[in-house]
2 protein chains.
Amino acid sequence: MSDIKIRNMDEFAAVSGLSRPTVSKYFNDPESVRPRTRERIEAALERYDYTPNFFAVNQNRNVTKNIGIVVPNLSDPFFAEVSRGIGDLVAEAGYRPVLLGSRGDPEQEIDNLENLRLIKPAGVLMAPLGRVSDVEKLKKFCEDVPTVLFDSNIDGVGEAFVGSNNHTSIALIVEYLCRTGEPPCFFEMRTPANPNAHKRRAAYIETMERLGHKPHVLQAEGEGWDFEAIGFEAASELFAGRKLPTNTILCSNDRLAIGVLSAAYQAGLRVGHGAGCALRIAGHDDHPFSRYTCPTLTTVSQDYAAISENSVQRLLAMIESGIRPTAREVMYLDGRLEMRGSA
Amino acid sequence: MSDIKIRNMDEFAAVSGLSRPTVSKYFNDPESVRPRTRERIEAALERYDYTPNFFAVNQNRNVTKNIGIVVPNLSDPFFAEVSRGIGDLVAEAGYRPVLLGSRGDPEQEIDNLENLRLIKPAGVLMAPLGRVSDVEKLKKFCEDVPTVLFDSNIDGVGEAFVGSNNHTSIALIVEYLCRTGEPPCFFEMRTPANPNAHKRRAAYIETMERLGHKPHVLQAEGEGWDFEAIGFEAASELFAGRKLPTNTILCSNDRLAIGVLSAAYQAGLRVGHGAGCALRIAGHDDHPFSRYTCPTLTTVSQDYAAISENSVQRLLAMIESGIRPTAREVMYLDGRLEMRGSA
DNA sequence: CTTGAAAGTTTACGCGCGTAAAAAGTAATA
DNA sequence: TATTACTTTTTACGCGCGTAAACTTTCAAG
């Protein structure tokens with residue numbers, strides 16, 4: 001490694017014995033130059049460390065190699081996990097992932113998109129806030145930038161959607177619960193942030209009716225993303241008032257279930273499916289901590305890997321072909337039942 | 001809002017009736033132009049939406065308004081939380097936070113810094129991986145870019161460090177545990193990723209000896225960041241072998257403690273400080289989920305807010321004064337005992 | 001009304017690179 | 001060896017903005 005500082009592509013072209021346009025071509029696509037030329041450039045790269053100026057490279061492009069990843073909340077372990085996976089895939093494909101969290105705030109969500117627009121991304125992968133999102137602004141953004149939605153769907157926004165099939169996964173766990181004990185009631189937030197919640201409630205009701213049971217929906221008050229706290233508060237009240245219509249609770253998601261588990265513990269209710277248990281509790285999502293709750297949480301796992309892979313793949317296909325599909329593509333992946341200790 | 005598209009600063013200067021250099025001056029610092037001029041520009045901004053081209057703006061600067069935030073792992077709720085707070089503060093101060101996670105991988109950590117270098121950040125806030133970090137490369141980066149470390153300290157790296165005082169906070173909880181029951185043993189990973197772990201162990205030993213008790217350190221095997229799993233496995237073996245030297249376990253951090261709690265539950269050991277409890281378990285950090293474990297986890301909370309504020313403040317002071325301090329500044333904040341159900 | 005500093009305008013150059021066009025060179029085929 | 005198709009080089013321009021220098025206008029104070 002030489003100590004001579006290379007200040008720009010001109011100087012680097014000089015030390016590698018080539019012209020700047022050829023070097024420029026190499027950096028845009030190493031395959032586009034003759035193998036021997038490539039070797040010379042790569043040899044020079046070992047001796048002098050040079051990287052094209054990020055800003056100058058992107059200034060003239062109308063699209064860059066940046067791919068935006070926008071999720072509702074980076075503090076939520078689910079989204080932290082998924083966005084990590086997506087970021088990896090994006091980086092492997094030779095793009096630069098730019099990760100942004102919206103903190104549950106629709107204004108922040110739009111801000112994130114505006115910030116992304118500044119860096120002229122090749123495309124965006126986004127898990128929208130859902131119900132509270134500013135749909136018109138989202139649509140406008142998606143007209144300009146190829147966008148794939150994941151996790152929660154908003155009709156007409158983006159070129160594609162990849163997510164879980166709430167209908168089958170809720171059916172899966174409702175059937176399991178009915179088969180192995182009392183039919184469950186359904187525990188959710190009254191004003192859920194995420195549109196999946198509505199689908200899950202609907203799927204619960206439909207499955208219960210199909211099985212000939214009466215559905216019971218319990219709704220917790222509270223806004224925001226502090227799901228454990230909301231679940232805890234509402235469940236504590238339920239337990240104190242002994243208002244539970246059944247001994248089995250299916251929660252709309254694992255974070256609520258974690259709050260409910262905690263409330264049950266503090267109310268002295270033993271949770272599980274064994275002898276001496278007063279209550280069964282199940283969740284949905286297979287949150288990273290679900291396997292370490294007490295008892296471990298029975299839930300439905302979403303196929304994180306498949307969601308990540310499919311959404312990235314769809315976006316890259318659009319970017320690399322340059323073709324925006326005429327019809328919006330929607331893909332639902334099946335969940336898997338995770339039978340653990342709590343139900 | 002007019003529909004005329006403004007393509008660049010020249011056009012925007014034209015519609016606002018000013019010259020481009022004046023407009024440029026405004027965007028660099030709105031206070032630097034006469035109030036009347038400012039009004040004209042801001043009026044124009046309402047009619048035509050124009051934002052200076054991000055890449056062109058930064059191309060000529062040798063430092064930008066970007067501030068990098070690098071944490072070991074974005075999937076860890078602790079870092080997710082802290083980096084969210086830091087990002088907010090950075091944004092409030094008029095800078096653009098760029099968040100990067102190193103995934104527990106020292107190479108990724110260096111990669112992150114190299115990527116940051118490309119965008120010429122005004123400064124960087126970093127929680128280093130610690131023991132496994134490539135210290136030489138970190139140092140080199142910190143020579144070029146003003147950097148403040150937080151969470152875990154590496155001597156000689158960065159201009160300042162802000163973190164918790166492990167010594168006092170471990171003393172706090174050890175004293176509490178000794179006062180209210182059997183003296184604790186200390187549960188940690190044999191090869192912890194984070195240097196705080198070593199300080200915590202040392203603080204435990206010293207406090208125990210000061211109080212006239214014999215310290216016991218139990219070490220779990222396992223590498224990586226899957227702390228709950230590592231804690232669970234090791235604790236399960238301990239419980240099965242009945243090898244515990246005391247009925248009180250102080251875990252090096254909350255994530256390990258969550259694993260240990262889960263193992264205790266599955267081993268049928270009742271955890272808590274009440275009658276009929278076989279075991280007390282405590283943690284350290286006040287992880288977001290600690291208040292929802294079963295039982296709730298007694299722990300020491302780190303002062304997230306103060307860590308965020310102080311580290312951001314120190315970095316901004318350096319950036320805005322343009323002065324790199326000659327002496328490295330180190331700041332330790334005290335933790336607070338969170339007495340809950342588990343101990 | 002004069003004066004002088006502060007603010008704004010004009011003009012001009014540079015940043016580092018993408019990229020187009022024409023010329024020159026290189027490698028495989030006939 | 002001549003032909004042909006690629007590659008590479010040369011030359012030149014443009015992107016959008018920062019910024020310096022010299023000049024002109026504005027505005028408040030004397």
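Below, read A as the first sequence line, B as the second, and so on, with proteins coming before strands; counting in each chain starts at 1.
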Expressed as a whole number of angstroms, how long is the span from [X]:[atom1] to [N]:[atom2]?
X: A:K65; N: C:dG18; atom1: NZ; atom2: P; answer: 13 Å
X: B:N58; N: D:dC15; atom1: CG; atom2: C1'; answer: 15 Å
X: A:F54; N: C:dG16; atom1: CZ; atom2: C1'; answer: 14 Å
X: B:R38; N: D:dT26; atom1: CZ; atom2: P; answer: 22 Å
X: A:L118; N: D:dG16; atom1: CG; atom2: P; answer: 14 Å
X: A:D10; N: C:dG14; atom1: CG; atom2: P; answer: 14 Å
X: B:R20; N: D:dG18; atom1: CZ; atom2: P; answer: 7 Å
X: A:E39; N: D:dT7; atom1: CD; atom2: C1'; answer: 15 Å

Point to revise | Contact under 4.0 Å: B:S32 side-chain N or O vs C:dA7 OP1/OP2 | key: no
Review point. Just to confirm, is there a sub-4.0 Å distance from OP1 or OP2 of D:dC17 to any side-chain nitrogen or oxygen of B:Y50?
Key: yes
Nucleotide of [options] approaching [X] most closely (side-chain heavy atoms):
X: B:R36; options: C:dC15, D:dC27, C:dT10; value: D:dC27
X: A:S19; options: D:dT10, C:dT9, C:dA7; value: D:dT10
X: A:Q59; options: C:dT10, D:dC27, D:dG16; value: D:dG16
X: B:P21; options: D:dT8, C:dT10, D:dG16; value: C:dT10
X: A:V33; options: C:dT9, D:dT8, D:dG16; value: D:dT8

Exercise for review: For A:E320, look at atom CD and say whether over 12 heavy atoms of other residues, nucleotides or ligands are found less than 6.0 Å away.
Suggested key: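 More than 12 within 6.0 Å, yes.
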Review point. Got a sec: does the CZ of B:R38 have more than 12 other heavy atoms crowding it under 6.0 Å?
Key: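 Yes, because the 6.0 Å sphere around CZ of B:R38 holds more than 12 heavy atoms from other groups.
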**Study point:** Nearest-nucleotide 5' precedence on DNA chain C, B:N60 against B:P35
**Key:** B:P35
Check your understanding: Taking atom OG of A:S308 and atom CZ of A:R84, what is their separation to the nearest 0.5 Å?
Key -> 9.5 Å
Exercise for review: Work out which heavy atom in A:S152 is nearest to a heavy atom in A:F161; give both atom names and the distance.
Suggested key: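 The answer is C-CE1, 3.3 Å.
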Check your understanding: Of all heavy-atom pairs between B:L45 and B:Y50, which one has the smallest distance, and what is that distance?
Key ->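 Scanning both residues, the minimum pair turns out to be CD2-O, 3.6 Å.
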Check your understanding: Will you find, in the side chains of B:R61 and B:N28, an N or O donor that is under 3.5 Å from an N or O acceptor?
Key ->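 Yes, because at least one side-chain N or O of B:R61 sits under 3.5 Å from a partner of the opposite role on B:N28.
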Practice item. For B:L74 and B:L99, run side-chain contact (heavy atoms from CB on, under 4.5 Å): C-alpha distance rounded to whole Å, both residues' side-chain angles, the deciding distance at 0.1 Å, then the answer. Key: CA-CA 9 Å; B:L74 278 173; B:L99 185 57; 4.0 Å; yes
Check your understanding: What parts of residues 22-31 of chain B reach DNA chain D, counting only heavy atoms under 4.0 Å away?
Key -> B:S24, B:N28
